[in-house]
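One structure is given here, and the rest of the page talks about it.
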Amino acid sequence: MNGRARDSPGTGSLLFPVLLVLACLAACRGDPEEEKYRIDRSPIAVSGAGVISIEEIEAHLGPASRPPDTADGWVQRSLPDFWSRGSLGQYDDIWYRVDVELASRPDELWALYLPRLRMNAEASINGVPVGTGGGFGERVTRNWNRPLYFTIPSELLRPGPNRIDLHVGTSSASDIRLVAMEIGPDRLLHGRFAARVFRQVDLRYLMVVLSLATALLLAVVALRRPEIKGAGYFTAALLCLALASSDGIVREPPMPVLAWQWLNVAAYMLGCACVVSGANRALGAKARVAEWLAWGGAVAIVSFVLVDPYYFVTVNLGILSFGIVAVAYVAYRILDSIRRGSLRNGYVLLTLAGALLALAVHDVQSGFTGLALPYAPLTTFVPLVIIAFTTWMLMGYVLESLSASERLAEQLNERVEVAREELQENYERLREMERGRLVAQERDRMMREMHDGIGGQLVSALALLERNPPDVVAVGESLREGLDDMRQMLDSVAGTADLPALLGSMRARLERRLLRHGLQFEWKVREVSRLPVLGPAGMGHVLRIVQEAVNNVVGHAEARTIRIETCEAEGPNGAPGVRLDIADDGRGMPAEPRHTGQGLANMRSRAEDLGGTVEIRSTREGTEVRLWLPSGDAD
Amino acid sequence: MTHSVLLVEDDPATRAQLAAIIDASPALTLAAAVGSVGDGRKWLAAGGVDILLTDLGLPDGSGADLIRLATQQGSVLSLVITVFGDEEHVVRAIQMGAMGYLLKGEGATDVERALSELVAGGSPISPAIARYLLTQMHAVPADGDETAPALSRREQEVLGYVVKGFTYAEIAELAGISTHTVSTHIRSIYRKLAVHSRGEAVYEALQLGLVRPDG
């Protein structure tokens with residue numbers, strides 16, 4: 001499942017460049033054969049309304065301004081025609097002329113179609129100008145990669161010979177070329193012109209845009225992931241080759257023509273060197289010699305062109321060959337990686353490189369033998385290798401990390417599951433412990449309460465009973481107190497948080513005993529805030545504190561009344577709370593009785609357990625115990 | 001005039017102690033001291049009993065049945081004997097018609113006082129039971145909802161004082177009424193509780209097979 005998910009998009013990603021190459025190859029096919037009128041010598045006699053291919057023509061060197069009107073100096077030439085820099089001498093212009101004989105005047109729009117020339121041309125028919133490809137003179141418009149097409153209104157044509165005058169100009173840094181041109185009905189010619197524009201200009205434009213976009217993507221990758229090898233070189237290569245390719249689109253360079261040409265050569269050479277270095281790094285090859293050669297060669301040719309601007313004549317073939325060698329080297333590297341098994345889907349890349357190589361060899365061969373390159377030159381398509389390479393590389397990384405993250409997520413899920421189970425176990429254990437703790441706590445509380453209450457009373461009843469003679473009355477009282485105590489404990493757990501209710505229950509249990517001791521309650525229990533600290537244990541604490549205070553009064557104070565009063569009161573830190581006063585009108589506390597001291601300590605400790613305080617004021621007029629409890633939350 | 005007391009208590013020691021106290025009291029006569037629901041039923045049926053003093057947990061049934069029987073006779077006042085005076089036992093007895101409770105282990109003075117208060121129209125109530133009633137019985141509902149016994153505002157006030165531990169005399173003073181009126185309020189609350197629960201009690205008795213529909 002995982003493996004499949006990893007592989008299938010990989011081949012898909014490589015399909016795109018392959019399709020692009022196939023489209024290019026298809027586009028670069030030669031023009032379809034069609035009826036042509038072969039012209040042997042001027043003037044040319046034609047009949048009918050077909051397309052006339054002009055291959056024989058007269059030529060005259062310069063001047064720039066207007067057609068030479070002399071009869072001398074005209075030479076017979078065949079198209080394609082080539083004037084090297086040397087043969088042009090001081091001139092930058094050639095004038096061509098040819099006569100086309102028509103049987104009758106055509107009744108439709110005609111056109112003159114120039115599939116390929118260098119650099120610029122303007123035409124006139126029977127002395128009337130029909131169009132120009134741009135400027136001449138200092139800044140010759142660069143139409144070397146762009147076909148020209150001039151429409152001819154039928155009124156300009158006439159039966160018999162029609163004179164075509166064609167002015168072709170170039171810059172001082174270049175030569176002059178002209179391939180066979182065609183004249184005929186617009187409806188027949190325009191499609192061919194448009195197809196060539198698409199092949200030579202639009203495709204190149206697309207390639208430049210694609211290169212720039214990929215360069216941008218790669219630059220981001222190179223900057224943010226330096227560990228991806230070769231991305232920086234490929235970025236540079238794409239930028240260089242995009243610049244070099246733009247020469248086929250840019251007709252008016254924004255700089256002197258020599259500088260522009262040099263810049264293009266330099267960009268192309270350095271781009272090729274970057275391709276070599278980038279491929280080496282991306283494929284993990286340690287062939288530094290190849291890189292040194294590539295960079296050395298590039299710098300040498302660039303320097304040479306700097307010295308001799310007429311490189312087209314001298315090193316043009318070297319420049320083209322350099323690109324071929326570079327692509328061949330990359331192909332070799334890919335093959336090597338496939339052999340070593342370190343490149344998945346490498347055959348797709350190899351096929352791509354091979355196709356480009358064949359294209360390039362064909363380019364060089366045609367460039368070597370003639371002037372008319374009917375195919376788009378190699379420079380246009382070198383970026384394809386890099387774009388494919390980049391796509392392959394990036395997709396590899398993307399898919400790699402995708403499956404890595406999938407694996408990670410799977411592991412994470414497993415770990416989460418394990419952790420969840422552990423947590424569940426821990427939780428169960430904790431709950432078990434908590435239950436145990438609560439039971440122990442409850443047992444502790446019960447022990448303490450039993451010890452302070454009914455346990456003590458049973459012990460003292462037993463002692464009274466075993467006395468000789470047994471004090472039966474005292475035994476009864478002790479047991480009754482025990483029972484009362486038990487009832488109070490039960491009462492205390494009933495209404496939690498409600499201090500007045502606890503006091504009410506206590507009074508009902510205590511009052512008869514107090515009456516027997518001649519004591520009366522002065523009951524001033526008022527409704528007060530609920531006290532969250534008074535849970536079952538808290539109620540027990542308050543019960544004991546009040547019992548202790550009341551017992552002290554009963555035992556020592558010789559008092560007549562006990563005032564029990566509740567009110568809202570602030571605690572030591574200004575915290576809201578409730579105060580309970582237990583005050584008597586006795587003689588005050590004895591100076592140093594041990595039991596009382598112990599009892600007070602108990603009261604304090606219980607109050608502290610509840611976050612409260614106990615204050616005791618004793619005077620000759622009586623003793624007052626003030627218990628304060630917070631009405632805020634238990635913590 | 002003396003009041004005849006029927007004592008139903010299964011613990012022989014407690015029964016003997018209470019019987020002795022009643023016997024010794026000039027205001028009371030002991031009709032019988034028995035230890036089972038069956039015997040208690042017979043004595044109630046025989047008539048002549050003014051006060052029923054019964055434990056709840058008896059070997060052949062619940063003292064609550066005896067209380068209900070006594071209440072049906074109309075003239076018999078019932079008190080339940082309990083160890084703790086806890087709301088569960090006491091409230092159940094009150095629902096059957098008891099007028100209060102007597103704690104086990106009380107001395108002679110306390111028993112005599114409790115019985116004489118009962119005869120005089122008083123009904124003992126503890127703060128814990130008051131608290132329970134206050135939370136269980138609804139306040140006077142605005143829309144006349146009668147699903148639960150409603151307390152009048154005065155009754156609520158009285159119960160509130162009881163909860164806080166005030167004696168009847170103190171309540172009377174605080175509320176500006178007589179002590180006797182306080183007793184009347186308490187007894188009225190008890191009656192409401194009993195009346196309300198009668199339907200439920202019959203249903204419960206049918207369920208338990210204590211009462212046959214045709215009998």
Side-chain angles (χ1 to χ4, degrees), chain A residues 454 457 461 472-473 475-516 520-528 539 543 546 550 561-567 578 580 582, chain B residues 11 13-14 17 20-21 81-91 100-114 117 122-136 156-175 182 186:
Chain A
I454 193 165
Q457 277 135 356
V472 179
V473 178
V475 169
E477 189 160 331
S478 187
L479 286 176
R480 198 160 280 136
E481 274 176 28
L483 256 178
D484 259 352
D485 187 74
M486 209 161 69
R487 288 170 181 146
Q488 285 181 51
M489 274 178 59
L490 283 171
D491 289 344
S492 74
V493 287
T496 52
D498 191 348
L499 181 62
L502 174 68
L503 295 171
S505 291
M506 284 193 75
R507 182 185 189 181
R509 305 293 188 191
L510 282 171
E511 184 144 47
R512 265 167 288 170
R513 196 174 123 231
L514 291 190
L515 285 173
R516 279 200 294 277
Q520 268 193 323
F521 275 123
E522 187 185 346
W523 204 252
K524 296 201 165 165
V525 173
R526 273 183 285 272
E527 201 64 64
V528 289
M539 296 290 264
L543 179 76
V546 177
V550 170
T561 64
I562 302 179
R563 176 169 56 84
I564 306 276
E565 183 165 358
T566 57
C567 61
V578 166
L580 166 63
I582 304 150
Chain B
D11 175 44
T14 309
Q17 183 220 13
I21 292 171
I81 312 170
T82 152
V83 177
F84 294 114
D86 55 299
E87 52 269 29
E88 192 196 333
H89 285 104
V90 175
V91 170
Y101 64 93
L102 187 69
L103 285 177
K104 287 189 187 180
E106 297 270 41
T109 339
D110 295 322
V111 174
E112 274 183 71
R113 197 186 52 229
E117 270 178 14
S123 294
I125 185 168
S126 74
I129 289 164
R131 211 181 62 80
Y132 181 84
L133 295 183
L134 209 51
T135 52
Q136 293 302 307
Q156 284 182 63
E157 189 188 355
V158 168
L159 280 182
Y161 283 127
V162 173
V163 170
K164 292 188 194 63
F166 290 98
T167 62
Y168 286 8
E170 286 165 350
I171 293 170
E173 198 182 321
L174 287 166
V182 177
I186 301 295

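The chains referred to below are lettered A, B, ... by the order of the sequence lines, with proteins before strands, and numbering in each begins at 1. Just so it is clear, the structure is predicted and the values come from calculations on it, not from any experiment.
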Could you report the tightest heavy-atom contact between [X] and [Y], atom names first, then the distance?
| X | Y | value |
| --- | --- | --- |
| B:Ile186 | B:Tyr168 | CG1-OH, 3.6 Å |
| B:Gly165 | B:Pro127 | CA-CG, 4.4 Å |
| B:Ser126 | B:Tyr101 | CB-OH, 3.0 Å |
| A:Val546 | A:Leu580 | CG2-CD2, 3.7 Å |

Margin query: So for A:Arg526, is it side chain, backbone, both, or neither that comes closer than 4.5 Å to the heavy atoms of chain B?
Written below: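 Backbone only.
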Margin query: Using heavy-atom distances under 4.5 Å, tell me whether A:Glu511 contacts chain B through its side chain, its backbone, both, or neither.
Written below: side chain
Item checked: Heavy-atom contact with chain A under 4.5 Å, split by part of B:Thr167 -> both
Note to self: I'd like to know which of A:Met486, A:Met506, A:Arg480 tops the heavy-atom pair count under 4.5 Å against chain B.
What the structure shows: A:Arg480
